[in-house]
Amino acid sequence: MTYKEKIQSSIDVLDAIHSLEDGNKIEVTYGKDRDGKPNVYSIKAYSDFRDKMSYSIWGTFSGMNIDKIGPTTMSAYTYDMMSNRTNYMFPLYKMSIVEPIK
């Protein structure tokens with residue numbers, strides 16, 4: 001897949017994320033579990049005291065903060081109880097929107 005194709009495939013998810021308002025969320029699928037069923041994640045939006053939007057992505061029981069959203073990827077991080085940082089790069093072009101904005 002070329003970079004231009006990745007941008008075209010990412011546009012729907014990227015627009016949905018940027019259209020979120022404080023307290024809203026969208027559900028997306030990304031990857032598959034061991035039974036071959038798609039994994040469902042929620043992307044939630046938060047507004048800080050300066051009205052800057054922040055985002056997080058949540059699985060069934062844990063979540064990660066979104067550090068940066070680019071044209072084709074989304075960088076996320078979390079800290080464990082020993083203060084170790086874990087980073088993950090989500091490719092937007094491999095995500096599909098499940099539910100509209102709530």
Find the distance between [atom1] ([X]) and [atom2] ([Y]) and round it off to the nearest 0.5 Å.
X     : Y     : atom1 : atom2 : result
Ser47 : Lys52 : OG    : NZ    : 10.5 Å
Lys44 : Asn65 : NZ    : CG    : 12.0 Å
Ile69 : Ile43 : CD1   : CD1   : 7.5 Å
Ser42 : Asn24 : OG    : CG    : 12.0 Å
Thr78 : Asp67 : OG1   : CG    : 12.0 Å
Ser19 : Ile26 : OG    : CD1   : 7.0 Å

Compare every heavy atom of [Y] with every heavy atom of [X], then report the nearest pair and how far apart it is.
X     : Y     : result
Glu27 : Val40 : OE1-CG1, 3.9 Å
Glu5  : Thr2  : OE1-N, 2.9 Å
Met53 : Glu21 : CE-C, 3.7 Å
Ser10 : Pro71 : CB-O, 3.3 Å
Asp12 : Ile97 : O-CD1, 3.7 Å
Pro91 : Thr73 : CA-CG2, 4.2 Å

- Task: Following the transitive rule for hydrophobic clusters with a side-chain heavy-atom cut-off under 4.5 Å over Ile, Leu, Val, Met, Phe, Trp and Tyr, establish whether Tyr88 and Ile66 coincide in one cluster.
- Result: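 As far as the 4.5 Å side-chain criterion goes, Ile66 and Tyr88 are connected within one cluster.
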- Message: If hydrophobic clusters are built by linking Ile, Leu, Val, Met, Phe, Trp and Tyr wherever their side-chain heavy atoms come under 4.5 Å apart, do Tyr93 and Tyr41 end up in the same one?
- Response: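 Looking at the clustering, Tyr41 is in a separate group from Tyr93.
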Can you find a heavy atom in the side chain of [X] that is under 4.5 Å from one in the side chain of [Y]?
X     : Y     : result
Thr86 : Asp80 : no
Ile17 : Met74 : yes
Lys68 : Tyr77 : no
Thr72 : Leu92 : no

- Task: Hey, can you tell me if Tyr30 and Phe90 have their rings parallel, tilted or perpendicular (30° and 60° cut-offs)?
- Result: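 Geometry flag for Phe90 against Tyr30: perpendicular rings.
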- Considering residues, nucleotides and ligands other than Lys6, do more than 12 of their heavy atoms fall under 6.0 Å from its NZ?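 Counting neighbours around NZ of Lys6, more than 12 heavy atoms of other residues, nucleotides or ligands fall under 6.0 Å, so yes.
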- Message: Taking Lys37's backbone N and O only, do any of them form a donor-acceptor pair with Asp35's side chain (distance below 3.5 Å, no angle check)?
- Response: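 No, because the side chain of Asp35 does not come within donor-acceptor range (under 3.5 Å) of the backbone of Lys37.
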